[in-house]
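A quick write-up on the structure given underneath.
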Amino acid sequence: MARLKDLCQNPELFSSGHRACAGCGEALAVRQILLAAPQPVVGIMPTGCTEIFSSIYPHAAWQIPMIHTAFETAASTASGVVAAYNFHKRQGNIKDDVKFIAFAGDGGTYDIGFQAISGALERRHKFLYVCTDNEGYMNTGIQRSSATPYGAHTTTSPAGSVIPGKTMPRKDLMEIVIAHSPAYAAQTTIALWNDLVTKVGKALAADGPSFLNVLVPCPLGWQHPGNLTIEMSRLAADTCFWPIYEWENGRYKVNYEPKEKKPVEAFMKPQGRFSHLFKGDAGKAIIDEAQRQIDAQWALLHKRQEAFGAA
Amino acid sequence: MNQRPRGPVLTGAHYLDGDHACAEGAIAAGCRFIAGYPITPSTEVAERLAERFPRIGGTFIQMEDELASIAAVLGAAWGGARAMTVTSGPGFSLMMENIGLGVMTETPCVVVNVQRGGPSTGLPTLTGQQDMMQARWGSHGDYEIIALSPSSPQECFDLTVTCFNLSEKYRVPVMFMMDECVGHMTEKVVIPEADTIDVWPRRWYRGPRDKYLPYAPDKDGVPPMIRAGDDHRVHITGLTHDARGYPIINAECQQICVSRLTDKIRDNADDLVMVKEEQLRGADVVVVAYGISARVATKAITDARKKGIKVGFLRLITVWPFPEKKIRDLAGKVGCLVMPEINLGQMYREVERAAAGKCRTMLVPHCGGWVHDPEDILKAIIEGAK
């Protein structure tokens, strides 16, 4: 269990002065992760929101060495960096125990970078891959990704008289990652800061590839006021829209059981991207279906925990 | 007031940017399939079609990357659709292998590239004309391609229709080489009545079923096409193939196959080349330009004429196949060809090659991120007139 008064002693490796939107969940995630990471750390980052708002001079915020790579190759570039580090480590050229973290968005992970992460997990390069998942291509103006939830409006899943927003459920990336048997995989969100920093510690201590899927609300794309970012993150966990769990050594563990599982409307209602669903019966049917999907996913996760849980 | 029902073609005068005009051009050309992946500064084309298509029966698929986008377009074209994808530099690079597949399988489709500054991620939001050679040579192997370049939102509409027509006529992927400035520039765009827009049909095979050979060419070197689901058993492949479409891995078949792919474009270059000529007769200097650079050059040309210099203007609309006959003819008649382009000399190399030393040639380069200062072009014109 991390303590805030300890964490705040750590150096701020993601500094202020970047140009993220007010209330950006992604900036909070990166800051929390770097606060929790043992030093020294090297970063790898593909194109995406984080890269745009945190790297352009004079708004550069990274106090660690960082390589910005092509959109589809965060995990591949990380593979190369780690392999070279291992070589130099063996040669005795590097004494420090360096940690490597790739920070990619959902577009760069679920979609265009999917092949790269699969390859890196299979080859078992030892680095942490963090997906800061804001559920869409927000940097290019809010297009759908395969992380965009069922029913959400984006510019390329536009809600109108013919289609009701995105008609497909999100891709279950965690299960795909787990199918590669990584050293550690977990899902969390920024409101649960202690869960997040604990998982960062576990992931970086793991002997092999590790993966963190971090839900980061996006006021611009989700269309909620910037002061509700943490609230949206908390509601994602409390509605079980975003289950908080981890997978380690073949075992599932649900890390956060809401005291009272809230209906998904509580998460959707404050967000403009779902506003079309609250205007009539057709929208109600989609919300019901979203609830059904969430309930099924939550039940399945508990079955997995039961079947493959702690001994 | 126009009382007729609003069809797919938005006949009338509009105030549109180039990206949206391109989307409307695609609809007017009968395109009902687009696969794409978000990338600045081209995303608006896809966004407009994502919104327009559901109401007119079109299909927009946002793919997982650009490899998938162009591959889906090839699939859709063989499924019988007029298909298009839209991208910019980094996505264009990812598409290259499948563009080659499109050339080899003679798949009609349109690839729109709203160019930005490169290399690599470069300048996502700022202009460039740096993929001009990649459009020609980006995929491996020997082939010929068609590429057009618009200078205004109106041309983004008009020439998108032309791109589809040429892709159908020659059965080749056609590159539409926009640039960020033209894509994001908003101007008046007039969309004509639907029945006055010249849309060329696919070259469907109409002969007896048992006689169809997918790669047996008509007289102009281009074979007719069938679609998946028609009652033909065909084999379509990126391997070197004979008229039946079956892979034949030897030098003789390679000679026949590749020669025809290149000759069908080369032999029809006169049909394909579109340029805009202005005051070429008696000119001492001719400015050769395309895309947004052609718009910027007009200021320099006007200023040079005020100074008494005889300046002609050759605007390239077709950039590939390169209008080399035009350049060769001009080179024998003028003192200097001046070419501004937002790169370090891509199409300029072609100008230099075609001029073959018969006149001076001058490049006005620009690394990208903004357009030329017309003063720089004017200086080159003055220098060229000496």
Side-chain angles (χ1 to χ4, degrees), chain A residues 45-49 51-53 55-56 67-74 76-77 104-118 136-148 152-168 170-171 173 176 221, chain B residues 6 17 19-20 23 34-72 85-95 97 114 116 118-126 180 183-184:
Chain A
M45 167 173 73
T47 294
C49 280
E51 172 259 324
I52 288 291
F53 74 66
S55 71
I56 292 174
I67 178 167
H68 168 212
T69 183
F71 201 4
E72 65 279 15
T73 54
S76 309
T77 304
D106 49 293
T109 305
Y110 283 69
D111 291 342
I112 195 168
F114 185 64
Q115 174 172 307
I117 186 174
S118 177
Y137 294 84
M138 306 317 188
N139 173 42
T140 44
I142 313 160
Q143 291 82 34
R144 60 90 92 189
S145 75
S146 54
T148 301
H153 164 93
T154 71
T155 61
T156 51
S157 60
S161 55
V162 185
I163 57 169
K166 193 183 173 206
T167 53
M168 310 90 178
R170 58 182 298 126
K171 186 187 280 184
L173 189 65
I176 298 169
Chain B
R6 228 164 103 121
D17 73 15
D19 281 358
H20 287 179
I34 172 170
Y37 189 73
I39 185 164
T40 307
S42 74
T43 312
E44 292 89 334
V45 183
E47 285 180 332
R48 187 166 179 110
L49 290 171
E51 200 186 320
R52 292 269 280 127
F53 267 179
R55 283 175 286 182
I56 61 172
T59 300
F60 164 78
I61 309 182
Q62 188 181 310
M63 302 299 290
E64 66 272 23
D65 57 26
E66 287 88 351
L67 280 77
S69 300
I70 179 70
T85 185
V86 186
T87 191
S88 187
F92 199 52
S93 294
L94 287 177
M95 288 182 183
E97 185 191 8
V114 188
R116 64 194 221 183
S120 189
T121 316
L123 302 170
T125 56
L126 302 177
E180 184 275 337
H184 285 165

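Proteins come first, then strands; the chains are lettered A, B, ... in the order of their sequence lines, and each starts at number 1.
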Given side chains that start at C-beta, do those of A:I112 and B:L94 come closer than 4.5 Å, heavy atoms only? yes
Side chain from CB out, backbone as N, CA, C, O: work out which of these in B:P90 comes under 4.5 Å of a heavy atom of chain A, or both, or neither. neither
With a 4.5 angstrom heavy-atom cut-off, is it the side chain or the backbone of A:F71 that approaches chain B, or both, or neither? side chain
B:T40 portion near chain A, given a 4.5 angstrom heavy-atom threshold: both
Less than 4.5 Å to any heavy atom of chain B: does that hold for the side chain of A:S146, its backbone, both, or neither? neither
Just jot down the salt bridge (charged side-chain N to carboxylate O under 4.0 Å, His left out) partners of B:E51, sequence neighbours excluded, or say none. B:R55
Nearest 0.5 angstrom please: B:E47 CD to A:T154 OG1, how far? 8.5 Å
If you round to the nearest 0.5 Å, how far is CG of A:N139 from CD1 of B:I39? 10.5 Å
Just give me the residue among A:A70, A:S157, A:P158, A:S145 that pairs up with chain B most often, heavy atom to heavy atom, under 4.5 Å. A:P158
Hey, what do you get for NE2 (A:H68) to OG1 (B:T121), rounding to the nearest 0.5 Å? 4.0 Å
In short, B:P38 meets A:T140 closest at the heavy-atom pair CB-OG1, 3.6 Å
Chain B contact via A:E72 - which portion, at a heavy-atom distance below 4.5 Å: side chain
Between B:Q62 (side chain) and A:R144 (backbone), is there a donor-acceptor pair under 3.5 Å? yes
Holding to ring-ring contact (aromatic ring centres under 6.0 Å, His included), I want the full list of residues that pass it with B:F60, two or more places apart in sequence or in another chain. none
